[in-house]
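In the text below, chain A, chain B and the rest are named by the order of the sequence lines, each starting its count at 1.
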Protein chains: 2
Amino acid sequence: MEFEREKKIFNKFIKSKNLRCSDQRIKVLEVFLIINKHISVDELYKMIKSKYPNIGMATVYRTMKLLVECGLSGETRLNDGVRYGPLFRNDHHDHLICVRCGRFDEIINIEIENLQKRIAKEKGYILENHELILYGICSECQKKK
Amino acid sequence: MEFEREKKIFNKFIKSKNLRCSDQRIKVLEVFLIINKHISVDELYKMIKSKYPNIGMATVYRTMKLLVECGLSGETRLNDGVRYGPLFRNDHHDHLICVRCGRFDEIINIEIENLQKRIAKEKGYILENHELILYGICSECQKKK
DNA sequence: GTGGTTGCAAAGACTTTGCATTGTT
DNA sequence: AACAATGCAAAGTCTTTGCAACCAC
């Protein structure tokens with residue numbers, strides 16, 4: 001079966017919190033993993049709905065919160081709402097978004113991570129997390145005029 | 001009079017767009033500048049309301065959009081909503097937020113700016129803007145346990 | 001006077017919550 | 001059997017919009 005690792009992580013989390021491993025939660029997780037990119041709850045809900053018609057929006061919202069909590073999904077707030085996206089082990093990724101077409105790239109850069117840690121330290125903070133969004137014009141859109 | 005520079009910027013912008021310089025807009029700008037920190041529209045509205053009771057929430061929303069557009073305010077989206085905050089000439093600033101107490105520090109760091117430009121370029125993007133939020137525990141909260 | 005601006009209330013978009021029912025353990 | 005989870009709809013938030021009255025230019 002697909003997504004063994006992720007399901008194991010989810011199961012472990014579910015058990016550790018004395019929650020129940022419902023069909024719906026597994027389906028949300030599966031669709032989320034298949035899509036494998038940044039999406040809004042609404043987009044995710046539509047895709048799930050088309051495959052499993054009687055799943056509620058509320059369940060999608062509730063499940064995505066769990067996925068974030070157990071580290072299987074990241075959460076990014078953009079101008080037009082929240083996006084969920086896959087998170088992989090140990091590599092925090094940042095975002096590069098095209099302001100013209102909305103294209104979404106991910107960045108993994110150790111230098112930035114280190115620089116951030118240093119800056120936080122200078123200000124007396126212990127860094128827990130960060131979120132970096134770069135807005136620009138992607139190569140495709142540069143050609144278009 | 002206070003805030004000469006900012007008012008001049010705002011006026012110029014207003015004129016360039018054929019808008020009108022209403023009392024309300026000036027009041028919103030003034031209170032925003034007096035507060036001089038990151039706040040939600042709601043907080044700003046309450047402070048304005050206490051000074052000028054018959055100003056509407058919609059006007060505050062509308063004016064803050066203008067202030068962002070003319071570069072007098074920055075806009076940051078946090079988990080619990082949008083925050084507006086002062087922007088100063090030519091120095092883009094990033095944010096450092098304490099996850100315990102909500103303390104809000106600003107960071108200005110040229111290295112980060114340069115690194116970001118380079119990364120965007122590597123991916124074929126022309127960088128237009130960026131938003132960096134670091135989440136950590138501030139020095140005060142570290143002491144508290 | 002023209003046409004942008006306002007306050008208000010209504011509408012919208014997104015998200016959460018209450019509750020009776022259903023499902024997991 | 002106990003109690004968490006679900007779907008639905010209702011309720012909450014935050015933000016935008018429509019509109020008649022109003023005001024800057």
Side-chain angles (χ1 to χ4, degrees), chain A residues 7 10-32 38-70 73-85, chain B residues 7 10-32 38-70 73-85:
Chain A
K7 286 185 183 171
F10 189 54
N11 260 300
K12 214 168 146 185
F13 171 76
I14 288 285
K15 271 176 197 148
S16 78
K17 292 210 126 195
N18 272 317
L19 304 176
R20 310 242 159 119
C21 197
S22 71
D23 278 3
Q24 289 93 328
R25 284 180 179 165
I26 297 302
K27 284 168 184 165
V28 172
L29 175 57
E30 277 179 359
V31 175
F32 172 71
H38 288 81
I39 41 167
S40 63
V41 176
D42 197 57
E43 290 171 294
L44 182 57
Y45 174 63
K46 278 176 189 153
M47 303 208 61
I48 291 169
K49 196 84 179 172
S50 69
K51 243 184 152 178
Y52 311 103
N54 38 356
I55 214 166
M57 181 68 121
T59 299
V60 179
Y61 271 103
R62 289 188 275 231
T63 306
M64 288 318 295
K65 287 207 176 305
L66 294 177
L67 294 189
V68 170
E69 209 181 326
C70 71
S73 172
E75 188 183 277
T76 310
R77 273 161 204 271
L78 302 181
N79 287 346
D80 56 347
V82 179
R83 289 284 179 295
Y84 290 97
Chain B
K7 286 185 183 171
F10 190 54
N11 261 298
K12 216 170 145 186
F13 171 76
I14 288 284
K15 270 174 199 150
S16 77
K17 292 211 127 197
N18 273 315
L19 304 177
R20 307 241 160 119
C21 198
S22 70
D23 278 4
Q24 290 92 328
R25 284 181 179 162
I26 298 303
K27 282 167 185 165
V28 171
L29 175 59
E30 278 179 359
V31 175
F32 173 71
H38 287 82
I39 41 165
S40 62
V41 177
D42 196 57
E43 290 171 294
L44 181 57
Y45 174 63
K46 277 175 189 152
M47 303 206 64
I48 291 170
K49 196 82 179 173
S50 70
K51 243 185 152 176
Y52 311 103
N54 38 357
I55 214 165
M57 180 67 120
T59 299
V60 178
Y61 271 102
R62 290 188 274 232
T63 306
M64 288 317 294
K65 287 206 177 302
L66 294 178
L67 294 189
V68 171
E69 209 181 328
C70 72
S73 172
E75 188 184 278
T76 310
R77 275 163 202 271
L78 301 181
N79 286 345
D80 55 348
V82 180
R83 290 282 181 295
Y84 290 96

Which heavy-atom pair separates A:Ser40 from A:Arg83 by the least distance, and what is that distance? N-CD, 3.6 Å

In residues 45-64 of chain A, which ones come under 4.0 Å of DNA chain C, going by heavy atoms? A:Ala58, A:Tyr61, A:Arg62

For DNA chain D, whose closest nucleotide is more 5', that of B:Val82 or that of B:Leu19? B:Val82

Should B:Leu67 and B:Tyr84 count as side-chain neighbours, where that means a heavy-atom distance under 4.5 Å? no

Give the table of side-chain donor-acceptor pairs shorter than 3.5 Å for residues 19-28 of chain B, with sequence neighbours excluded, one pair per line with atom names and distance.
unit_1  : atom_1 : unit_2  : atom_2 : d
B:Ser22 : OG     : B:Arg25 : N      : 3.3
B:Arg25 : NH1    : B:Arg20 : O      : 2.8

Distance-only, no hydrogens or angles: does the B:Thr63 side chain make a donor-acceptor pair with backbone N or O of B:Val60 under 3.5 Å? no

Nearest whole Å is fine: how far is C:dT17 P from A:Lys65 NZ? 9 Å

A:Arg20, nearest nucleotide to its side chain (from D:dG7, D:dA24, C:dT24): C:dT24

Counting heavy atoms from C-beta on, name the nucleotide in D:dT16, D:dA4, D:dT6 closest to the side chain of A:Ser22. D:dT6

Here the distance between atom P of C:dT5 and atom CG of B:Leu66, to the nearest Å, is 8 Å

Short side-chain to backbone donor-acceptor contact, A:Lys49 and A:Asn54, under 3.5 Å: no

Separation of C:dG23 atom C1' from A:Gln24 atom CD, nearest Å, is 8 Å

Do A:Tyr52 and A:Glu30 have side-chain heavy atoms sitting under 4.5 Å apart? yes

Under the side-chain contact (heavy atoms from CB on, under 4.5 Å) criterion, do B:Leu44 and B:Val31 qualify, and how do the steps go? CA-CA 8 Å; B:Leu44 181 57; B:Val31 175; 3.8 Å; yes

Got a sec? Which of residues 10-18 of chain A come in under 4.0 Å of DNA chain C, heavy atoms? none

To the nearest Å, give me how far apart CG (B:Asp42) and P (D:dT13) are. 11 Å

When rounded to whole Å, the CD1 to C1' distance for the pair B:Ile39 and D:dC14 reads 16 Å

Could you go step by step and tell me if B:Phe10 and B:Leu66 meet the side-chain contact (heavy atoms from CB on, under 4.5 Å) rule? CA-CA 9 Å; B:Phe10 190 54; B:Leu66 294 178; 4.2 Å; yes

When rounded to whole Å, the OH to P distance for the pair B:Tyr84 and D:dC14 reads 13 Å

Whole-Å distance, A:Ile26 CD1 to D:dA5 P, equals 12 Å

Between D:dA5 (P) and A:Leu67 (CG): distance, integer Å: 13 Å

Evaluate the side-chain contact (heavy atoms from CB on, under 4.5 Å) criterion for residues B:Glu69 and B:Lys17: first the C-alpha distance (whole Å), next the side-chain angles of each, then the deciding distance (0.1 Å), finally the verdict. CA-CA 11 Å; B:Glu69 209 181 328; B:Lys17 292 211 127 197; 2.7 Å; yes

Just to confirm, is there a sub-4.0 Å distance from OP1 or OP2 of D:dT6 to any side-chain nitrogen or oxygen of A:Arg25? yes

